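A short write-up of the structure that comes next.
Keep in mind it's a predicted model, so treat the numbers as computed, not measured.
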Amino acid sequence: MVSLPIDEARRRLAEAGFVGVAVGLGDGPGAPLVAITPEPGAVVSSQAPEAGARVDAGATVRLWVVRGGGSAGVREPRRPFPAAPPARELRLDPGTGDAVAAAAD
């Protein structure tokens, strides 16, 4: 059901004999999961139990949702950052004895 709109996911679960419930965290630290009313167009981002797991007929499937819609399309992974500039080390200036930055060899 992951990546489906919440309404479609619930419909498919019902057809298969399961109950789909959108869940989120309750208020406060350590709060338990609670049933929520998702925004229109919300999309399933995760589910439990996972797809393919063996469960009894009529079992509840918890569906985590994120705001859906938009036309951003598929996003590619970010490229790694370029290599760091050459390391620099501190050397003592022979004239003053102060530490100065100098390019490492």
Single-linkage hydrophobic cluster Val19~Val2, side-chain heavy atoms < 4.5 angstrom: no
From CG (Leu33) to CZ (Arg62), nearest 0.5 Å: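 Going from CG on Leu33 over to CZ on Arg62, the span is 7.0 Å.
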Test log, rule salt bridge (Lys or Arg N to Asp or Glu O under 4.0 Å), inputs Glu15 and Arg12: CA-CA 5 Å; Glu15 288 174 356; Arg12 288 188 184 188; over 6 Å; no
side-chain contact (heavy atoms from CB on, under 4.5 Å) partner of Leu63, chosen from Ile6, Leu4, Val23: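 Among Ile6, Leu4, Val23, the one that satisfies the side-chain contact (heavy atoms from CB on, under 4.5 Å) with Leu63 is Ile6.
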Shortest non-hydrogen contact between Gly20 and Arg10, atoms and distance: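 It is O-NE, 3.6 Å.
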Considering only distance and modelled atom types, tabulate donor-acceptor pairs under 3.5 Å from the side chains of residues 41-60, sequence neighbours left out.
residue: Ser45; atom: OG; partner: Trp64; partner atom: O; Å: 3.3
residue: Gln47; atom: OE1; partner: Met1; partner atom: N; Å: 3.1
residue: Gln47; atom: NE2; partner: Pro49; partner atom: O; Å: 3.2

